[in-house]
Amino acid sequence: MSETFDLLIRGGIVATPSGIAPADVGVKGGRIAAIGALSGARAAETFEARGLHVLPGVIDTQVHFREPGNSHKEDLESGSRAAVLGGVTGVFEMPNTNPTTTTRQALEDKLARASGRMHCDYAFYVGASPGNVGALSELERLPGVSGVKAFLGSSTGMLLLDKEDAILAALKAGNRRMAVHSEDEARLNERKPLRVAGDARSHPVWRDVETARASTARVIRLARQAGRRIHVLHVTTAEELPLLAEARDVASVETTPQHLTLAAPECYERLGSYAQMNPPIREARHREALWRAVNEGLVDVIGSDHAPHTREEKAKPYPDSPSGMPGVQTLVTILLDHVSAGRLSLERFVDLTSAGAARLFSIAGKGRIALGYDADFTIVDLKAKKRIENSWIASKCGWTPFDGMETTGWALATIIRGRMVMRERALVAGGQGTPIRFGETLVPQRDAAAA
Ligand code: DOR
């Protein structure tokens with residue numbers, strides 16, 4: 001008798017750990033139940049994927065969704081809507097909200113707010129602060145937590161962990177990979193006078209290469225001292241890359257689509273403070289070095305650092321304008337455009353946007369198209385050509401630094417645990433995201449003993 005699936009994705013080119021090749025995929029109970037030639041199978045729902053690529057669901061490991069505290073810029077509903085419209089199936093959300101996610105209560109509040117409102121699956125980072133170091137080992141193990149994040153230099157919001165003894169204490173406090181925003185606070189403070197009023201071109205002058213390099217060198221040293229793995233978020237300089245290449249025992253590396261696509265001074269001349277983010281967009285030599293690091297396998301994941309601010313806030317004269325730009329909705333098409341241009345292989349895209357996250361953070365049951373894994377798919381048309389426009393942006397900020405750019409390669413469908421959530425640019429099933437599970441946060445299941 002032929003097998004019956006809940007969903008059959010038929011005729012696509014599927015990216016599995018064995019390679020990228022034609023196959024059908026059968027889904028049952030939200031999980032991948034079969035991969036191969038399934039022409040005889042029956043299914044409640046069939047997705048015809050001929051001519052399309054079926055990729056593992058894209059996991060964006062760095063987004064700021066602003067809830068609670070700044071819901072006028074974004075909230076968990078609007079941010080996750082932007083995610084699924086762009087082809088993202090899961091997000092790790094950052095702790096620099098108001099209040100900060102530094103206590104069990106704040107974390108539980110975020111999880112409660114997410115339930116029934118978020119469209120993609122999610123996990124939340126716990127922020128490290130001098131006041132909560134003693135609680136971090138317990139907090140990092142709570143279900144729904146992607147790990148601990150420390151701001152070593154100050155950026156948007158109140159979180160900061162800049163003193164060497166405090167950083168070391170936080171590193172010694174837990175076991176999971178700790179994510180760091182790596183800029184040196186003392187140097188940032190010293191160099192503040194270099195900011196030129198009204199001129200965002202001075203942003204990378206203030207937050208210079210050495211600010212990032214010195215901080216990354218120090219945090220690698222402290223990670224080794226503590227025997228703790230770290231994840232260096234949004235690496236932006238050529239000078240940090242050799243340090244990170246020498247630190248594969250302790251450090252993993254993220255970069256962003258904007259650092260791989262934009263370059264100074266052009267981006268500041270064209271976009272002004274809309275191009276302002278931390279750490280900054282730098283000159284083309286850094287962008288080229290980041291591309292080499294992507295293609296040589298030094299970069300482990302690409303996160304969007306989706307950091308929306310309203311136009312009104314961004315329009316303030318530099319440096320009163322806040323740092324950050326949205327990106328969760330454009331991550332897939334921007335990277336696929338690089339695939340189309342030959343700068344990135346599709347295999348590398350898959351590794352950087354799903355398998356890499358699963359490997360670094362030991363995500364349970366996500367990150368590859370393989371038997372028994374969650375049926376999360378980003379289905380893309382590599383040939384589709386469309387213009388990115390502000391009017392498409394679902395984020396509350398309503399703008400993107402890529403407005404007007406024509407890209408080749410777009411997500412046509414977002415499927416999460418077997419449910420079609422986005423199809424043809426429309427949200428078709430909302431509010432059913434659930435917490436992402438991790439090896440370190442698995443909880444005993446009541447019915448497992450009976451099985
Ligand atoms: O530019 C940035 N904006 N960098 C960060 O580290 C934080 C982010 C934000 O939350 O706005």
Side-chain angles (χ1 to χ4, degrees), residues 60-76 78-79 82 91-102 110 124-129 148-162 178-185 188 195 200 202-204 206-208 211-212 215-216 219 231-237 240 254-259 261-262 264 267-268 271-282 302-314 316 318-328 330-331 395-397 399-401:
D60 186 343
T61 44
Q62 189 182 180
V63 302
H64 302 263
F65 282 172
R66 309 301 190 204
E67 182 181 347
N70 275 297
S71 301
H72 68 287
K73 301 184 208 257
E74 196 73 292
D75 62 28
L76 296 172
S78 60
V91 295
F92 292 4
E93 205 269 343
M94 285 293 170
N96 57 336
T97 43
N98 188 8
T100 53
T101 322
T102 44
K110 268 197 181 173
F124 297 107
Y125 275 106
V126 165
S129 73
V148 171
K149 153 89 179 274
F151 282 87
L152 310 181
S154 36
S155 187
T156 304
M158 305 302 289
L159 280 173
L160 180 63
L161 195 77
D162 62 328
M178 185 166 122
V180 293
H181 176 119
S182 183
E183 290 184 286
D184 185 83
E185 180 69 5
L188 283 177
R195 300 181 297 181
S202 61
H203 195 58
W206 167 37
R207 303 182 89 106
D208 71 344
T211 302
S215 169
T216 295
V219 74
H231 180 53
V232 185
L233 296 159
H234 39 40
V235 170
T236 60
T237 70
E240 289 163 281
E254 178 202 68
T255 193
T256 76
Q258 47 276 38
H259 291 98
T261 307
L262 305 173
C267 66
Y268 299 104
L271 299 166
S273 55
Y274 285 83
Q276 174 194 338
M277 68 172 293
N278 304 330
I281 311 285
R282 307 185 190 277
I302 293 184
S304 72
D305 192 12
H306 176 81
H309 298 284
T310 65
R311 290 175 203 255
E312 201 181 13
E313 291 159 345
K314 277 298 216 182
K316 288 182 185 165
Y318 183 84
D320 296 335
S321 44
S323 292
M325 55 180 85
V328 73
T330 48
L331 176 137
S395 171
K396 283 194 185 177
C397 72
W399 62 273
T400 160

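Every number for a ligand or one of its atoms is a count from 1 in the order of the listing. The shown structure was predicted, so the numbers you read here are calculated from the model rather than taken from an experiment.
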Mind checking whether [X] contacts ligand 1 via backbone (N, CA, C, O), side chain (CB onward), both or neither, at a 4.0 Å heavy-atom cut-off?
X      : answer
Ser155 : side chain
His203 : neither
Met94  : neither

Without swapping roles, check the side chain of [X] against the backbone of [Y] for a donor-acceptor pair under 3.5 Å.
X      : Y      : answer
Lys396 : Gly79  : no
Arg282 : Thr237 : no
Lys149 : Ala128 : no
Thr156 : Ser323 : yes
Thr330 : Gly327 : yes
Glu185 : Leu152 : no

If you count the atoms of ligand 1 from 1 in the order shown, which ones are under 4.0 Å from a heavy atom of [X]?
X      : answer
His309 : 11 (O)
Ala307 : 3 (N), 8 (C), 9 (C), 11 (O)
Phe151 : 6 (O)
Met277 : 1 (O)
Arg66  : 9 (C), 10 (O), 11 (O)

Assess, by modelled atom type and distance only, whether the side chains of His181 and Asn278 contain a donor and an acceptor separated by less than 3.5 Å.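 Absent: no donor and acceptor within the cut-off.
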
Looking at atom 3 (N) of ligand 1, what's its closest protein heavy atom, distance included? Ser323 O, 3.0 Å

Among all protein heavy atoms in this structure, tell me which lies nearest to atom 4 (N) of ligand 1, with the distance rounded to 0.1 Å.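 Going by distance alone, atom 4 (N) of ligand 1 is nearest to Asn278 O, 2.8 Å.
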
